[in-house]
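Worksheet for the structure shown next.
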Number of protein chains: 2
Amino acid sequence: MTDFKTILQHKDLKATHQRLVILEELEKAKHIDIDKLYNLVISSCPTLSKATLYRNLNELVSKDIITEVKVANQKNMYETTKLPHIHLICKKCGSIEDEVIDTTFLLNEVSKHRNFQIEASSISLSGICEKCLTKV
Amino acid sequence: MTDFKTILQHKDLKATHQRLVILEELEKAKHIDIDKLYNLVISSCPTLSKATLYRNLNELVSKDIITEVKVANQKNMYETTKLPHIHLICKKCGSIEDEVIDTTFLLNEVSKHRNFQIEASSISLSGICEKCLTKV
DNA sequence: CTGACTGCAAACGTTTTGCACGGTA
DNA sequence: TACCGTGCAAAACGTTTGCAGTCAG
């Protein structure tokens, strides 16, 4: 299990009970929106207010401990920051899967045509996931 | 200049003055958020209400005449629907450039590892644009 | 002429903020 | 103990909706 207490302290954030619960639920859920996360969090921490959840998600995003994932037709999702990966988003069931993939080829292709200094990439593919394909 | 009147009629939408102005400003601006678009549109169409702008953007997105672009740390942007392309987003000045690029290699790579039926892709690279690089 | 569209204002849901209290380091 | 973080309630914000009037086809 990830040691979020140390991570928080390294980023000059206090390791409060609320923050630890938020991060643990986020880690378990992989990708989740605010409302679903709120419902999970209040079972371990019933007094937590939505204001605190909003404040912490913003804080954690700005310190790059978690990442905001924007998806068409869905609310903003959050995930704990991991190695670079792409998202496979199912149009049927809305699930999001991670896939680690080498994007060097793509980035080189862009660099060949453009004088643009790439620092990060965000790639998502939408379509039908394996589960929904077999359901048809 | 794109013939938006015909495009609208083909999609069973009336070619109102408001819609044509919205589409023309969108075409000129390339990528733009609602508030900036509103300010442009009211100079050609001073009575246009934000409700109408919202309603039309949703309508035009659902008919695939325009496309919603989600970008980290920025409001939703809109562009007229064009051939598939990727976005180069500058972290310094916030500009968005389009780049048409062959993504077959990437998509094949995913198909090799996953049983996921890809229908669309959304790729954006963030970094520093040419203009900002020379400014340093 | 008629249904689709618009403008206005009010409603709505989401996110942020001010303030007093509480908990971490 | 000092100050960052929290909870609550209210405010601010962005977006949607109901309705009566207007306009494109």
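Letters go in sequence order (proteins before strands), and every chain restarts at 1. Note that the coordinates shown come from a computational prediction; the quantities given were computed from them, not determined experimentally.
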Next on the checklist: Near DNA chain C, counting only heavy atoms under 4.0 Å, which residues of residues 56-73 of chain A show up?
Outcome noted: A:N58
Checklist entry - What pairs meet the side chain to side chain donor-acceptor pair (under 3.5 Å) rule with one or both residues in residues 37-49 of chain B, with sequence neighbours excluded? => result B:S49-B:T52
Checklist outcome for this item: side chain to side chain donor-acceptor pair (under 3.5 Å) filter on A:E68, not counting sequence neighbours, yields A:N76, A:Y78
Item to check | ring-ring contact (aromatic ring centres under 6.0 Å, His included) partners for B:Y54, two or more places apart | outcome: none
Item to check | Nucleotide D:dC4, atom P - distance to CZ of A:R19 in whole Å | outcome: 11 Å
Checklist entry - With sequence neighbours excluded, what pairs up with B:N58 under the side-chain contact (heavy atoms from CB on, under 4.5 Å) test? => result none
Checklist outcome for this item: Applied to residues 11-22 of chain B, the side chain to side chain donor-acceptor pair (under 3.5 Å) test, sequence neighbours excluded, yields B:R19-B:N56
Item to check | Whole-Å gap separating P (C:dT16) and CG (A:N76) | outcome: 10 Å
Item to check | Nucleotide-resolved protein contact map, nucleotides 7-14 of chain C, B/S/- at heavy-atom distance under 4.0 Å | outcome: BBB----S
Compile the donor-acceptor pairs under 3.5 Å between side chains in residues 116-136 of chain A and protein atoms, sequence neighbours left out, one pair per line.
from	atom 1	to	atom 2	distance (Å)
A:E119	OE1	B:K91	NZ	3.2
A:T134	OG1	A:K131	O	2.8

Checklist entry - Starting at CG of B:L37 and ending at P of D:dT15, how long is that distance when rounded to a whole Å? => result 12 Å
Checklist entry - Side chains of A:L106 and B:I86: closer than 4.5 Å at any heavy-atom pair? => result no
N/O donor to acceptor pairs below 3.5 angstrom from side-chain atoms of residues 1-9 of chain B, sequence neighbours left out:
from	atom 1	to	atom 2	distance (Å)
B:T2	OG1	B:E27	OE2	2.4
B:D3	OD1	B:K5	N	3.3
B:D3	OD1	B:T6	N	3.3
B:D3	OD1	B:T6	OG1	3.3
B:D3	OD2	B:T6	OG1	2.2

Nucleotide N/O of nucleotides 21-24 of chain C paired with protein N/O under 3.5 Å:
from	atom 1	to	atom 2	distance (Å)
C:dT24	O2	A:K14	NZ	2.8

Next on the checklist: Under the rule for side chain to side chain donor-acceptor pair (under 3.5 Å), what residues qualify as partners of B:R55, not counting sequence neighbours?
Outcome noted: none
Checklist entry - Taking only residues two or more places apart in sequence, or in another chain, which ones meet A:H31 in a ring-ring contact (aromatic ring centres under 6.0 Å, His included)? => result A:H87
